[in-house]
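Please read the structure below before turning to the comments.
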Amino acid sequence: MRIRTDDEVYRVDAVWLGPPKATFPWRARYVAWLIGIPAFFVVLGVERWAGWSFGFFSTAWAFIATIVITRLLTAKISHERPLGTVVSMAGRELNTPRERTTGTGGAVSASRVRVRAERPLPKHRRKRQYQHHGGPPGAAVQGTPRARRSRGNAARAGR
């Protein structure tokens with residue numbers, strides 16, 4: 001038993017052959033006209049922006065470029081992949097997040113590192129030094145020095 005599919009129905013392209021009694025010598029789908037006419041104006045605009053003057057040859061080259069662009073775009077369009085799907089797919093492809101190939105940040109610089117002429121003292125020595133020299137500038141000496149905390153067995157085990 002042979003089952004016929006309905007693919008033949010979809011293989012028929014919606015084609016406009018031109019006005020009645022004056023048909024075009026080529027077949028062009030409606031979607032090709034929908035893409036080609038705006039593409040022609042875009043190509044003409046790009047030519048003017050590039051500084052080409054309007055003339056026969058510039059318009060002929062615009063027409064050829066439009067045909068190439070239209071053929072490239074309509075090659076991706078079929079009954080299984082309509083124009084709207086191709087446009088949305090292209091938009092998603094252009095806006096999708098990409099993997100970053102360059103590292104973030106810049107060159108390493110030590111320009112913000114402060115360097116002192118004297119070596120810093122540990123905290124317990126700093127406090128004693130202030131007491132022997134009368135304390136930090138502008139501070140009054142208060143009471144007796146704090147007793148040194150005794151270290152537990154865990155600190156002695158590392159010695």
Side-chain angles (χ1 to χ4, degrees), residues 1-127 136-138 149 151-159:
M1 176 181 215
R2 196 172 239 202
I3 299 174
R4 294 182 54 108
T5 63
D6 60 348
D7 286 345
E8 292 120 19
V9 174
Y10 291 111
R11 283 190 194 136
V12 176
D13 288 330
V15 175
W16 186 56
L17 297 174
K21 297 182 184 178
T23 59
F24 294 130
W26 63 84
R27 292 173 50 104
R29 296 185 297 172
Y30 286 119
V31 71
W33 290 103
L34 183 69
I35 293 172
I37 293 171
F40 180 69
F41 289 120
V42 168
V43 170
L44 282 176
V46 169
E47 283 183 353
R48 296 298 117 23
W49 178 75
W52 292 3
S53 63
F54 185 76
F56 174 76
F57 288 109
S58 65
T59 307
W61 281 113
F63 189 67
I64 291 170
T66 301
I67 291 172
V68 170
I69 291 169
T70 304
R71 284 196 161 234
L72 288 172
L73 292 176
T74 55
K76 303 288 182 190
I77 298 169
S78 67
H79 68 276
E80 294 176 352
R81 192 185 305 173
L83 178 62
T85 304
V86 172
V87 170
S88 67
M89 180 177 60
R92 288 188 190 115
E93 185 67 29
L94 292 174
N95 292 327
T96 190
R98 305 280 187 223
E99 180 181 354
R100 296 189 184 264
T101 57
T102 60
T104 56
V108 177
S109 172
S111 64
R112 293 189 177 194
V113 176
R114 286 188 283 165
V115 179
R116 296 182 185 163
E118 298 175 6
R119 190 171 158 209
L121 296 174
K123 284 186 179 180
H124 67 277
R125 285 200 175 181
R126 275 188 247 158
K127 291 180 183 177
R149 295 182 186 170
R151 298 180 186 174
N153 292 335
R156 289 187 192 141
R159 289 184 190 182

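In this structure, R48 and S58 have side chains that are in contact, with non-hydrogen atoms separated by less than 4.5 Å. Considering only heavy atoms from C-beta on, E47 comes within 4.5 Å of W61 through its side chain.
Not counting sequence neighbours, the partners of I37 by the side-chain contact (heavy atoms from CB on, under 4.5 Å) test are W33, F41.
Not one N or O on the side chain of T70 forms a donor-acceptor pair closer than 3.5 Å with the backbone of I67.
Atom CG of residue L44 and atom CH2 of residue W52 lie 11.0 Å apart, to the nearest 0.5 angstrom. To the nearest 0.5 angstrom, T101 atom OG1 is 8.0 Å from E99 atom CD. L34 CG to T74 OG1: the interatomic distance, rounded to the nearest 0.5 Å, is 11.5 Å.
Checked for salt-bridge contact, E93 and R98 meet the test: a charged N lies under 4.0 Å from a carboxylate O.
T85 approaches S88 most closely through the heavy-atom pair O-OG, 3.0 Å. Contact between T66 and F40 at its shortest, heavy atoms only, is OG1-CA, 3.2 Å.
Remark: R81 CZ is loosely packed, at most 12 non-hydrogen atoms of other residues, nucleotides or ligands lying under 6.0 Å away.
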Q: Take I77 and I35 through the test side-chain contact (heavy atoms from CB on, under 4.5 Å) and record every step on the way to the result.
A: CA-CA 11 Å; I77 298 169; I35 293 172; 3.5 Å; yes
